[in-house]
Amino acid sequence: MSKFAVILKREYIQVVKKKSFLIGVFLTPALMAAFMLIPAWLAQKKATSSEKMVVVDCSGTGMGERFVKELEVYKLENSDIPYYEIKQVFVIEPEDTVRFRALDDSLKYEINEKNLKYSVVIKPQPHLSDDSVYVVTNSDNFTSLTRFESRLSNLISSVKLEQTNINLPVDSVLKLTRRIDLKTQNTKGEAIPFQVKYFGGLIFVMLMFGMIVTYGSLVMRSVIEEKNSRIMEVLVSSVSPFQLMLGKIIGLGAATFTQVAIWVLIGAILFAMSGSAGLVISSDISRLVFNPVIVVFFVLFMIMGYLMYSTIFALIGSIVNNEKEAQSFIFPITMSLILPVMVGIHIVQEPYSTLSLALSFIPFFAPTTMMLRIIFLAPAATQYSFFSGILGESILSFIILTIMTVVIVWLTARIFRVGILMYGKRPTFPEIVKWIKY
Amino acid sequence: MYLKLENVRKEYDGKVAVDNLSLDIPKGIIFGIIGPNGAGKTTTIRMIMNIIAPDAGRVIFDGREIDDSFKNHVGYLPEERGLYKKLTLSEVMVYMAELKGTPPAVTRPLLDHWLSKMDLLDYKFRKVEDLSKGMQQKLQFITTILHDPEIIILDELFSGLDPINMELIKNVLLDLKRAGKTILFSTHVMEQAEKLCDNICMISRGKKVIDGSLSSVKAQFGKNTVQINIEGDGAFIKDLPGVKQMTEFNNYIELYLAPGADPSEILKTVVGRVKVNRFEVVEPSLYKIFIDMAKADPTESQRDQGGDHV
């Protein structure tokens, strides 16, 4: 086994066998899963008896009755009992606001008293305004609310269709419009809701940031420890400083990727399980996660970003005497990684502004900036070109990052071999420049 | 020559640490590099170890200029030493040998032999941090020689060792020499070099002052040194004719005679004044030679003190 591999293996095993690593790897996703899945699971679990509801129909077009009919398809599990027990459908003339208010008040009272779970209100001309259909409830039952939403949307679409003078069966037209919906999702950026992309992007970026800072600073700490324990000179009498530095960086990098890989695996298992358990995981999220451009560039930017930053961390470790001295250097690193997150809302809203483009091509900001931009632009792109658009920019940004990483690795290797044997006074900047020439 | 330095030079920020140094180290001997702190010993050794590159000159091992593959043939104990505190003794030993290209399967059967030789066998699966300072030194020494190196380089080996451990390690070194290994060590304590070395090289301010076999170096200075033990005040002795210089040690006095002076004349005078318990004509000590040589170097008076640079 080459010496580089010996060091790599040791650094890897040293981290991976620690308890803190296991805790980080398994506890974090467990907590996240608990946050996301338990409420959904609880919501579904409750449905052992029918939910009581009323419908208040002010549409004047009989939408209430039609809605109730649609709800009949839902049954309690393993039985023929309807899932929704419709207490009454109140049909109110669109102009009769007095009666509506009185009814609304008393229904709200019933809901407060838990005699009723939902009051679905259809106001006049529901097809014209988003606010004119709503549910009064104190329940967060995601499943029911989603059902109401989709059923009511279909109804409104039907009503709209009927009001145009097209003589086609409503059913087949609905199918057609659904197909058209799918197509718009593929061609328009708005297909994945802004919030999903923004928070999805933040999760990707925070994952990248967290991994780079955590494991990068481990590289630094490992160097400082070996300097402090005076083992460094023994080590460099066996291996070259470059082998030592790279062995550390890549060994700890392998630990990083082990952690991410385990998370991805856990995520995939949960995803599969949630599918079979009938839990609804937004297709928007899966479209983000399974977009090849996003996945490939997340991996690429993560690897190169880690290499660049952990090399900088190794550099810091080699020139300081203890972790206290290192603190002042770490701050700017953290800042340069987190800056794109702070201006993240700007980047995602104006992905082609001067600031967004500039951050994309400055290597220190590129990994996190590009991740945000890719998440926003890649799913919306109709075709990919290697030389333009988001794919072209990603490739260019990645090439610039790679060149910068190579330069930093070279510089660090020069400084590292001198710095690791320097004890005592922290070197000044001109001294460090001199080391490069030694 | 087995290991050879050819006109090696190293400069830091305009200060010359090692100046045009050439050394010939034959196989199978104990070679001492001697000099005061800041003389360039550590820099020289680091250049031999290929830890730092010389500005000029070459280091040659077995006829070839050294590269990183040379590192596997050397056991190196630096002046600044340390081990992984959180690992067990056995883990440290296996890992350090692995870094020298010796696989764990080869190292493991050797562990018990060396640990028992150094009285550390009971600690084999304990952590390094559980060891006393002296024990850690012994462990460090084992890791230096565990991979069976051809050359063993020891920088200020004995600093911080108690006499018992010093004796233990000295005996191992002599065994290694008998087994044909070459041992190179640096020290600023002349007595140690005098006890152990076959060949020496004295350096001062990065320059070679004198080198050769211990006996030839001493022969160059002739038998002009006298050691005497007396009872009473010996202050008058230094003014006697033929006495060039006198150094008082705790238990004896060392006299350096002027060329041509007769030791027996001095003995006669001294016996007449105080009681003499011992009078012996000896070879000059390395310490004395070093002081003389350093004085002969005109630049020596302006020597700047300071720790080893890099």
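Just so it is clear, the structure is predicted and the values come from calculations on it, not from any experiment. Numbers restart at 1 for each chain; the letters A, B, ... are given by sequence-line order, proteins then strands. Basis for what follows: all heavy atoms, side chains included, without hydrogens, waters or symmetry-related copies.
Among the candidates Ile51(B), Asn50(B), Ile153(B), Asn72(B), the residue making the largest number of heavy-atom pairs closer than 4.5 Å to chain A is Ile51(B). Between chain A and the residues Val74(B), Thr143(B), Leu83(B), the most heavy-atom pairs under 4.5 angstrom are made by Leu83(B).
Residue contact with chain A, scored on non-hydrogen atoms closer than 4.5 Å, is absent for Phe70(B). Only the side chain of Glu226(A) comes within less than 4.5 Å of a heavy atom in chain B; its backbone stays farther off. For chain A, the nearby part of Leu87(B) is the side chain; its heavy atoms alone come within less than 4.5 Å. Contacts between Gln136(B) and chain A at a heavy-atom distance below 4.5 Å are absent for every atom of the residue.
In this structure, Arg10(A) forms a cation-pi arrangement with Tyr95(B), its terminal cationic atom sitting closer than 6.0 Å to the ring centre and no more than 45° off the ring axis.
With hydrogens and angles left out, the side-chain atoms of Glu91(B) and Tyr84(B) include no donor and acceptor closer than 3.5 Å. Inspection of the Thr88(B) and Lys127(B) side chains reveals no N or O donor paired with an N or O acceptor under 3.5 Å. With 3.5 Å as the limit, one finds a donor-acceptor pair spanning the side chains of Thr428(A) and Glu431(A).
For Phe185(B) and Phe31(B), the ring centers are positioned 6.0 Å apart or more.
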